[in-house]
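Read the structure below first, then the notes.
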Amino acid sequence: MDRVAPFQRYFTLSQSQNPIKPKKASPASVALGPALISPATQLSNLSLSYSWSHLSPSPAFHFSDDLKEVNSLESVKVLHARLLKMCNSWSSDSMTKSLISSYVKFNDFRAATTIFFVGFARNYVFWSSFLDELQSCGGQTRRVLEVFGELCGKGVVFDSKVLTLVLKMCASLMDPWLGLQIHADLVKKGFDLDVHLKCALINFYGRCWDLESANQVFNEMVEKKELAWNEVIMLNLRNERWEKAMELFRGMQFSCAKAYASTVAKLLHCCSKVEALEEGKQIHGYVLKFALESDLLVSNSLINMYSRNNRLELARRVFGLMQDHNLSSWNSIISAYATHGYLNDAWNLLKEMESSDVKHDIITWNCLLSGHALHGSHKAVLKILRRMQVVGFRPNSSSITSVLQAVIELGILKFGREIHGYVIRNELDYDAYVVTSLLDMYVKHNDLGKAKAVFSCMKSKRNIVAWNTLISGYSFKGLFDDARKLMNEMEEEGITPDLVTWNSLISGYSMWGQGDEALGLIHQVKSSGMSPNVVSWTALVSGSSQNGSYRESLEFFSQMQREGIRPNSVTLSSLLRNCGGLSLLQKGKEIHSFSIKNGFIEDVFVATALIDMYCKSGNLKAAYEVFERIENKTLATWNCLIMGFAIYGLGKEVVSLFEQMLGADIIPDAITFTAVLSGCKNSGLVNEGWKYFDSMSSSYGIIPTIEHYSCMVDLLGRAGYLDEAWDFMQSMPLKPDATIWGALLGSCRIHKNIQLAEIASKKLFELEPYNSANYVLMLNLYAMFDRWGDVERIKDLMSDIGVKNGQVWSWVEIDQIIHVFCAGENHPDEGEIYYELYHLVSEMKKLGYKPDVKCVYQNIDDSEKEKVLLSHTEKLAITYGLIKSRSITPIRVIKNSRICPDCHTAAKYMSLVKNREIFLRDGSRFHHFSEGKCSCNDCW
C-alpha cells in the first residue's frame, strides 16, 4: 500500500537544529486523540448542550412540516432530537442540509459544524456552500477547524474525504500547525492516503510551509496519478518556479499521465510571462497531440502566448483555426493586435466580433484604450473613452490608467482634473495604480503641490511606487532637498528605498548638470549593499545627454562598461543621442552595428534614435534606409525623419513624407507640424506653409503653439514678406517671445531692413539681455551699412551690461580624432592649414568667388577684412578636413554658432574646386554643400 513517508524525514524538530518555519505561524494546537469512535456514533455522545431524553416518540413525524414551525434555537434542537429518536438513519441529504442551515441561522455554528462533519459522507459535495453560508451569517471558518479538533479529541476518526477538506482549510487559513499534526498522525497510524488526500498535503505544504517540502511529498509518492501531477505542476507555477514546473511537465509525459486543460493553460501563461517561445511551441504540440485545441481556455492561452512572444501571425492562425470563439477569445486577439500597434486591425476585429453576435465588455474597450495609449495615439484614447461611455460602459480603474497616460502625453491637465473628479466620485481611489497615475500626471504637469496632496490623501497604503513617483517629481525639478526629505520620511514609514528611488535621484542630478553628484550617488548605492544596475547607469548617461553634456555622457558610458554593465535599448538610444549631438558619425555607426548584433535593431526607440543620429551626423541616406526597415513605424519615427529632412532644407521631401504619413493612417501631432513648418521655412515654401498652418486647427484640432507661430514668422520673413510677418505678429493670439523676435531680426539681416531690425533688437535686448547672438546680428547689420558709430554703441552696450561674445569654435573629425578650431587660439598645424587655404581661395576666385567683407564688423581696410575672413573657424576646419581625409570621404564640420554669409559662399566654392561633399552643421541648421550648391538653396 502507498503510505506517506515517515514524518521525521520531512522535519526534525530537535533543540540542536533550527526547525523549518511556517509562512505564517498559528500556534492553535489541536490534540488528535487516540480513542477511536466512528462518525456514525449517535450524536448524543457528542454533547450539544441540550437534553432531549425526556421526549417520547411521536407516531406522526413530518420533518418538512415541523421545519416550517422552527422559530428559535430551542425549537431547532427539539426538531433535531425528534429526528434522532424517530429515524434509524439519516437517509435524506435535504434533511441534513436543512438542519445545518437552521443551526447556522440561529448562530449555533458549533452544532452546525458538528452535524456537518458527522454526516460528511453525504455532505462532501456541499462543503463549499456550507462554508459560504457559515460566513454569510457571521460564522468564522477557523471555528470549523476548532470543532474538528474537539471531535478528534473525543476520539472520532474521519476518513480521507474529511481530512482532505480540513487540509484544504488549513492551507486556505494559513494554519500550519493543525495540518502538520494531521500529517504526523497519519504517518503514526500508517493511514493509507488516496490521491485527493495526497494532493491536499502537497497544496498544504506549498501554502503553509515551503515549496521544497511540497515537492518532496510528491517525489516520495510511489504511485503518481494524474491528479497529483497536475496539482504539483500548478503549485510550482503559482509560486513562479517556471523551470521546475516545466521539468515536472516533461516528467509527467514520460509517466504517461495527462495534463488537464487548466494546467496546460497555466503552462502557456508561464511561457507568455517569461517569453519562452520554444517551450510554448512544444506545449502547442502537446495540445494538438491530445486534441486539447477545442478547449477555449487552452486556445485563448495559445493566442496570448504567441502574442507575448511577438509572433502575432501565429496568434492569428490559432484564432482562425478555432471552431468557436467566446468573449475571451475575441478579447485576446484584439488585445494582441492593439498591444503590437496594429490598431486598424484591432478595430476591424472588433467589427468582426460584433457581426458574430458576441457582445464586447469593459475588457474589450480597455484593450483598445491601452493599445492606443501604448503606441502614442493619445487623442484616439479620448475618443475611445467617449465611445465606450456612449454604449453604456463605465470606465474602471484599468480604463482610467490608460486615459491618464494619454492626458500626460497630451498635456491637458484640465481634463486630467476632470478624470480625478470621476475617480473620487466613483471611489476608484482605492486602486494603487490609479492613484499612482494621478500622481504621475500632476508631477509631469509640474504641479507638485497637487501631487503631494494626492499622495497625502491616498486611501490605499502608500506603496514604494507612489513614494518613488513623488520623489522623482521633485528630483526632475531639481528640488533635491525636498526629494531627500521625502526619502527620509519614506524610511521612517518602514519602506526601504530601492534602486528605482536611487535611480530617480541619479537621473535628476545628471539632468541638472550635476554629473559629479550623480556619480557620487552610484557609489552611495554600492555602499548601501545594492548593486547599481543598467537602469542606474543609463539614468546617468541619459540625464547628461538630455542636459547637452554629450561628452560627459560618453565618459559615463565608458565607466559603465568598465563596471561590466551591459547596455539596454534605453542606453543605446541615449548614446545615439550623444553621437547625434556631437555629429560623431563613426561612433554612431559602431553603436548601429552593436544594435544589430545584439538584437536591439528591432526596438522602435533604438531605430528612431538611429534615424535622429544619422540625420544630425549628415547622412540622410542612412537615416532613410533605417526608416524603411522599420516594420511598425510610430508617430515619433515619422516625426524624426521629417525633422531630419527639414533641417537640411529639403522642403519638398518634407511635404512628400508628411503626405505618406497621412496615407499610412498616422495622425499628426504638434511636433509633426513643427517639423513640417520648419521644412517649409527652410525651403521658402510659403504657400505650403500657410496650408499646413491653417490645417492644424481646422483639420486636426491642434492649437498652434509659440513654436508654430515662430516658424510662420521665419517663413514669411525669409521669403521677403517682412510686412506680412509684422502683421502676423500683431494679430497672433500669443504674446511674441524671444524666438518670434529672433526670427524677425534674422529675416531683417537677410533683407537688410534696418528699421524693423532695430525694433526687433530692442525687444530682444529686453527679453534676452545676455544673449550675445542678438548683439552680433545688429553689429553685422550696422557694419553692412558702414554705420560704425552704431557698431561702437552696440559694443559699449554689451560692455556696460557685461555681455561677452561666446567662444566661437568649429571642429572636424579625422580618423575618430576630433580637431577643434577656436577663435583666437592657434592650431598645431596652423601653417599647413593657411598655406592650403590661400591656394584654395586663389582657385575659388578664378571661378568667381568674392570675399564678402561686409561680414566683418570692424572698421578696417577691405584687404584686412579679407584676412579676418580667412581666420573664421569653419573655413579652417573644412580646409583641415580636405588636407587630412581621403579624397572620397565627405567633410563633416560642426560649428557652435550661425555660419556667416561669406563662409557659406566659400563652402560652396570649396565643394566645387575639390569635388568633395561638405556637411556643415551650424547653430541653427544643416548645410550640405556639393558641386557648388547648398541644400538650403541660399534660403537661410
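Predicted model only: the values in this text are computed from it and were never measured. Any value given below was found using the heavy atoms of this structure, including those in side chains, with hydrogens, waters and symmetry copies removed.
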Worksheet, complete the sentence: Across all chains, not counting sequence neighbours, the salt bridge (charged side-chain N to carboxylate O under 4.0 Å, His left out) partners of Arg241 are Glu212
Worksheet item: Between Tyr430 and Glu427, what is the shortest heavy-atom contact and its length?
Response: CD2-O, 2.9 Å
Worksheet item: For Lys273, which residues count as a salt bridge (charged side-chain N to carboxylate O under 4.0 Å, His left out) partner, sequence neighbours excluded?
Response: Glu240
Worksheet item: Looking at CG of Asp431 and OG1 of Thr436, how far apart are the two atoms once the value is rounded to the nearest 0.5 Å?
Response: 8.5 Å
Worksheet entry | Nearest heavy-atom neighbours spanning Leu470 and Leu439 | CD1-CD2, 4.3 Å
Item to complete: Check step by step if salt bridge (charged side-chain N to carboxylate O under 4.0 Å, His left out) holds for Glu247 and Lys244.
Response: CA-CA 5 Å; Glu247 177 189 326; Lys244 181 64 177 177; 3.6 Å; yes
Worksheet, complete the sentence: For Gln524, the side chain to side chain donor-acceptor pair (under 3.5 Å) test, sequence neighbours excluded, returns none
Worksheet item: Looking just at side-chain N and O atoms, do Gln216 and Glu220 make a donor-acceptor pair shorter than 3.5 Å?
Response: yes
Discussion item. Could you tell me if the side chain of Val232 sits less than 4.5 Å from the side chain of Val217, heavy atoms only?
Written reply: no
Fill in: Residue pair Leu505, Met487: steps toward the side chain to side chain contact (heavy atoms under 4.5 Å, CB included) verdict
CA-CA 10 Å; Leu505 286 170; Met487 199 169 170; 3.5 Å; yes
Discussion item. Determine whether a donor-acceptor pair (N or O, by modelled atom type, separation under 3.5 Å) exists between the side chain of Thr263 and the backbone of Ala259.
Written reply: no
Worksheet entry | Closest non-hydrogen atom pair, Glu491 against Pro497 | CG-CD, 3.4 Å
Worksheet item: Among all residues two or more places apart in sequence or in another chain, which pass the side chain to side chain donor-acceptor pair (under 3.5 Å) test with Asn366?
Response: Asn396, Ser399
Fill in: Euclidean distance, Ser72 OG relative to Phe106 CZ, rounded to 0.5 Å
6.0 Å
Discussion item. Are Leu237 and Trp242 packed together at the side-chain level, in the sense that at least one heavy-atom pair is separated by less than 4.5 angstrom?
Written reply: yes
Discussion item. Assess whether a salt bridge exists between Glu275 and Arg308, defined as any Lys/Arg side-chain N lying under 4.0 Å from an Asp/Glu carboxylate O.
Written reply: no
Item to complete: Can you sort out the partners of Phe290 under ring-ring contact (aromatic ring centres under 6.0 Å, His included), two or more places apart, ordered by chain and number?
Response: Tyr286
Worksheet item: Within the side chain of Asn230, is there an N or O that forms a donor-acceptor pair under 3.5 Å with the backbone of Tyr260?
Response: yes
Discussion item. Could you measure the distance from the CG atom of Leu211 to the CG atom of Asn236? Nearest 0.5 Å is fine.
Written reply: 4.5 Å
Worksheet item: Do Met305 and Ile303 have side chains that get closer than 4.5 Å, going by heavy atoms?
Response: no
Worksheet, complete the sentence: Applying side-chain contact (heavy atoms from CB on, under 4.5 Å) to Ser472 and not counting sequence neighbours gives Phe476, Ser504
Discussion item. Contact between Ile400 and Leu428 at the side-chain level, heavy atoms closer than 4.5 Å - yes or no?
Written reply: yes
Worksheet item: Got more than 12 heavy atoms from elsewhere within 6.0 Å of NZ, Lys485?
Response: no
Item to complete: Take Leu327 and Thr364, measure what side chain to side chain contact (heavy atoms under 4.5 Å, CB included) needs, and give me the verdict at the end.
Response: CA-CA 9 Å; Leu327 178 60; Thr364 318; 4.1 Å; yes
Item to complete: Decide side chain to side chain donor-acceptor pair (under 3.5 Å) for Thr501 and Asp498; before the verdict, give the C-alpha distance in whole Å, the side-chain angles of both, and the deciding distance to 0.1 Å.
Response: CA-CA 5 Å; Thr501 320; Asp498 61 3; 2.8 Å; yes
Worksheet item: What residues form a side-chain contact (heavy atoms from CB on, under 4.5 Å) with Lys224, not counting sequence neighbours?
Response: Phe218, Met221, Trp229
Worksheet item: Where is the tightest heavy-atom contact between Met234 and Ser262, given as atom of each residue plus distance?
Response: SD-O, 4.1 Å
Practice prompt. Please list, chain by chain and in numerical order, all residues satisfying side-chain contact (heavy atoms from CB on, under 4.5 Å) with Glu243, sequence neighbours excluded.
Written response: none
Practice prompt. Apply side chain to side chain contact (heavy atoms under 4.5 Å, CB included) to Leu499 and Val525, showing your working.
Written response: CA-CA 8 Å; Leu499 268 177; Val525 170; 3.7 Å; yes
Item to complete: Using a strict 4.0 Å threshold on nitrogen-to-oxygen distance, state whether Arg238 and Glu231 make a salt bridge.
Response: yes
Worksheet item: With Lys225, which residues qualify under side chain to side chain donor-acceptor pair (under 3.5 Å), at least two apart?
Response: none
Worksheet item: If you look at every heavy atom in Leu302 and Val287, which pair is closest and at what distance?
Response: CD1-CG1, 4.3 Å
Item to complete: Hey, could you give me the CD/CD1 distance between Glu489 and Ile471, rounded to the nearest 0.5 Å?
Response: 9.0 Å
Practice prompt. Applying side chain to side chain contact (heavy atoms under 4.5 Å, CB included), run through Ile565 and Asn533 and close with a yes or a no.
Written response: CA-CA 7 Å; Ile565 305 296; Asn533 59 8; 5.9 Å; no
Item to complete: May I ask you to decide if Trp209's main-chain N or O and Ser213's side chain share a donor-acceptor pair within less than 3.5 Å?
Response: no
Response to the item:
For Ala214 and Gly206, the nearest pair of non-hydrogen atoms, with its separation, is CB-N, 3.6 Å
Worksheet entry | Ser536 and Asn503: side chain donor to acceptor below 3.5 Å | yes
Item to complete: Quick one: list whatever passes side-chain contact (heavy atoms from CB on, under 4.5 Å) with Glu279, sequence neighbours left out.
Response: Met246, Cys271, Ala276
Worksheet item: Got a sec, which pairs hit side-chain hydrogen bond (donor to acceptor under 3.5 Å, both in side chains) with one end in residues 296-307, sequence neighbours left out?
Response: His284-Tyr306, Asn300-Asn326, Asn300-Ser328, Asn300-Ser329
Worksheet item: Centres of the Tyr103 and His80 rings: under 6.0 Å?
Response: yes
Worksheet item: Which salt bridge (Lys or Arg N to Asp or Glu O under 4.0 Å) pairs, counting each pair once, include a residue from residues 281-294, with sequence neighbours left out?
Response: none
Worksheet item: Can you tell if the side chain of Ile202 reaches within under 4.5 Å of the side chain of Leu235, non-hydrogen atoms only?
Response: yes
Worksheet item: Heavy atoms, side chains only, cut-off 4.5 Å: are Val500 and Ile464 in contact?
Response: no
Item to complete: Show your working on ring pair (Phe, Tyr, Trp, His ring centres under 6.0 Å) between His183 and Phe204 and close with a plain yes or no.
Response: CA-CA 10 Å; His183 190 186; Phe204 162 72; 8.1 Å; no
Worksheet entry | Atom pair CH2 (Trp177) and SG (Cys208), whose distance is rounded to the nearest 0.5 Å | 11.0 Å
